[in-house]
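These notes are about the structure you will find just below.
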Amino acid sequence: MKSKNNNTLKIVSITVISISLLTKVLSFLRDLMVTAVLGAGSESDAYNIGYLLTISIFGFIGSAYSNSMMSVASGLFIKDKNSLEKTVNNILSLSILLALFVVFLFWLFPAFFVNILASGVSVETYSLALKVSKIGIISLLFLVLSSTFGIVLRIYDRNIVPSIGELLFPIPSLIGLIMGIDSIDILIILLVIGYMLQALIQFIFLKKEHFKFHFYINYRDEYLLKMLSLMPPMLLSTGLLQINTIIDNRTASGYGSGSITSLSLASKINGLAYTVFAASLMQIIYSSLSKAFAQNNRKELQKILTQQTSSIIMLVLPSAICMMVFNNEIVNLLFVRGNFTEEAGKVTAKILMGYSVGLVFSVLRDICNYLFYASQNVKLPAMISGIAVIINIILNLTLPKLIGIQGVSYATSIAGACSCVILLFYMKKIMPDITLIYLRDVVSLVVSGILMASIMISLKAVYTDDMLFLIIIMGVGIIVFFLCNYFVSYVIKKIG
């Protein structure tokens with residue numbers, strides 16, 4: 001039975017990665033077309049502010065909302081499915097009311113929210129951002145719905161459906177861009193429609209699971225109160241990570257027109273590997289870990305954790321190495337066309353380099369956070385996130401002055417690495433019987449990564465401007481990485 005469950009998890013993971021990869025391809029195609037149309041100037045900055053504001057507001061509370069709900073709902077799924085449906089409806093009803101209140105508040109005081117993210121932009125950018133942000137904030141309601149539906153689907157082991165919802169998100173924007181739409185107002189509206197489709201498809205699949213939704217509020221529900229008791233530390237932890245994003249954008253906004261766009265594009269490239277190979281799989285891990293903790297099954301918990309962590313890092317590390325070696329070439333290939341100039345591309349590439357060096361640490365940090373959340377130890381991640389934010393603030397005040405705007409991304413990476421190391425230390429102290437990743441896997445990954453980087457750097461010396469040759473070099477490097485990882489792992493097992 002366990003073998004069957006492990007095989008099912010592998011199949012689901014591969015399917016989710018495939019869908020996520022296709023989603024990212026469509027999202028990048030959308031970003032390419034938007035960049036070609038808007039370039040790197042006032043309109044593109046306003047578009048990104050309008051998009052990022054909603055994401056930042058939801059991110060500030062959304063992760064804490066999702067993580068605390070997953071922990072409580074997973075326990076209910078094991079113990080009492082009838083109470084699960086009732087509690088989910090209670091939480092969802094209150095969340096919809098809260099989202100509507102935030103939207104109304106945003107419409108009343110849009111300048112306050114825009115100032116939080118981009119106070120240093122030009123008057124033209126600021127004026128455009130005010131207008132499009134009031135449209136974009138409507139997405140908050142659909143993000144709340146989508147998040148709740150996704151949690152319930154994962155608890156019911158329908159992990160593929162949330163990924164299908166994400167696949168639908170960029171499609172309205174792509175259709176509009178193909179039709180020649182270049183108005184940032186309409187482009188933001190198409191983003192809202194994308195979020196609506198994402199929530200709708202999940203709702204349809206949940207109805208097929210006979211999960212009944214109805215408006216219901218009970219402030220005294222013990223499981224609601226349990227979720228609310230978990231939320232404050234999680235809110236502090238995830239909210240502080242969003243503060244990092246706000247700090248990064250505020251710092252970048254002081255480096256002239258197009259700086260926020262460059263920061264955003266570099267972050268999206270870096271986020272490609274994270275989202276495709278890590279984010280979706282970590283949600284599956286979190287659901288499985290929460291159930292294992294609810295059943296007090298430490299053996300299953302350990303197996304899930306080490307297998308999935310090793311698999312995720314094995315996928316993320318080659319991506320990080322490619323970005324470090326070929327940051328300029330990747331940015332040129334993806335974005336330098338139309339109104340996006342080579343100079344803007346060079347700035348974006350430098351920022352990408354800073355983000356890529358911290359990618360693996362960010363993944364390990366988030367897996368550690370999910371492990372603590374699953375065990376309902378939520379205070380420690382909050383404390384460590386606070387330390388990371390302080391480090392990020394200090395570095396944002398110093399590094400950009402020394403090395404330029406790319407200092408913003410290096411500050412984020414260093415802060416993420418510090419929080420990762422501290423989390424790992426406390427994980428071994430609090431849960432000594434749990435291992436995140438085995439030493440043999442670390443050795444295999446490091447050796448494979450060094451060999452891959454060495455080969456790509458050597459081949460880069462004879463690199464021309466032929467993009468096909470660039471893709472071949474990266475392909476060769478990735479193949480070498482996986483072959484080396486397999487060989488080293490085999491040798492270590494034989495020796496051991």
Side-chain angles (χ1 to χ4, degrees), residues 5-20 23 58 62-81 83-85 87-89 91-92 95 142-169 195 198-213 223 227 230 234 238 274-295 297 300-301 303-305 307-309 311-312 366-367 369-376:
N5 289 338
N6 288 334
N7 289 333
T8 301
L9 186 60
K10 288 178 182 178
I11 293 170
V12 169
S13 298
I14 292 170
T15 305
V16 167
I17 288 174
S18 301
I19 296 173
S20 296
T23 300
F58 178 74
S63 295
Y65 171 85
S66 300
N67 293 333
S68 57
M69 184 177 176
M70 176 68 81
S71 181
V72 172
S74 294
L76 278 173
F77 180 80
I78 300 296
K79 300 173 184 177
D80 186 357
K81 292 184 180 179
S83 295
L84 171 64
E85 185 174 299
T87 298
V88 168
N89 278 302
I91 294 170
L92 183 59
S95 301
F142 299 114
L143 281 167
V144 168
L145 293 172
S146 184
S147 177
T148 305
F149 298 159
I151 290 167
V152 181
L153 284 163
R154 288 188 173 95
I155 289 172
Y156 276 84
D157 293 324
R158 298 294 182 264
N159 293 289
I160 295 174
V161 180
S163 296
I164 295 174
E166 292 171 2
L167 179 63
L168 293 177
F169 167 64
Y195 283 122
Q198 185 176 339
L200 180 61
I201 191 68
Q202 293 183 93
F203 176 78
I204 292 171
F205 273 91
L206 271 176
K207 294 292 286 184
K208 290 184 178 181
E209 292 294 324
H210 306 293
F211 197 95
K212 298 178 181 178
F213 290 98
Y223 299 109
M227 174 182 163
L230 292 173
M234 288 187 179
T238 55
Y274 183 93
T275 304
V276 172
F277 300 126
S280 298
L281 295 186
M282 279 194 282
Q283 287 297 319
I284 298 174
I285 292 175
Y286 185 33
S287 175
S288 300
L289 290 178
S290 296
K291 291 177 184 178
F293 268 110
Q295 295 171 320
N297 189 341
E300 182 68 13
L301 187 151
K303 182 183 293 185
I304 293 168
L305 186 64
Q307 285 181 350
Q308 293 296 94
T309 299
S311 298
I312 290 172
D366 290 345
I367 293 174
N369 279 332
Y370 281 127
L371 177 63
F372 282 112
Y373 292 157
S375 68
Q376 298 192 358

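Predicted, not measured: the structure shown is a model, and the values here were computed from it.
Formation of a donor-acceptor pair under 3.5 Å by the Q202 side chain with backbone atoms of Q198 is found in this model. Using modelled atom types, one side-chain atom of T148 and one backbone atom of V144 make a donor-acceptor pair closer than 3.5 Å. Of the possible donor and acceptor atoms, one in the side chain of T309 sits under 3.5 Å from a partner among the backbone N and O of L305. A distance-only check finds a donor-acceptor pair linking the side chain of S375 to the backbone of F372 [under 3.5 Å].
In this structure, OG in S95 is found 12.5 Å from CG in L143, a value given to the nearest 0.5 Å. Taken to the nearest 0.5 Å, the CG atom of L289 stands 6.0 Å off from the CG atom of L371. For the atom pair K303 NZ and N297 CG, the distance stands at 9.0 Å (nearest 0.5 Å). The CD1 atom of I164 sits 9.5 Å away from atom OG1 of T15, with the distance rounded to the nearest 0.5 Å. Separation of atoms CG (L153) and OG (S146) is listed at 9.5 Å; rounding is to 0.5 Å. Taking CZ from R154 and OG from S163, the interatomic distance works out to 6.5 Å, rounded to the nearest 0.5 Å.
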Begin with the C-alpha distance, continue with both residues' side-chain angles, and end with the deciding distance and a verdict on ring pair (Phe, Tyr, Trp, His ring centres under 6.0 Å) for F213 and F149.
CA-CA 10 Å; F213 290 98; F149 298 159; 5.1 Å; yes
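The two residues I201 and G165 have their closest heavy-atom pair at CG2-CA, 3.4 Å. In terms of heavy-atom proximity, I91 sits nearest to M227 at CD1-SD, 3.2 Å. For E209 against Y156, the heavy-atom pair with the smallest separation is OE1-CD2, 4.3 Å.
Using a 4.5 Å heavy-atom threshold, the side chains of M69 and V88 count as touching.
For the 3.5 Å distance criterion, the side chains of E166 and T23 fail to qualify, holding no donor opposite an acceptor.
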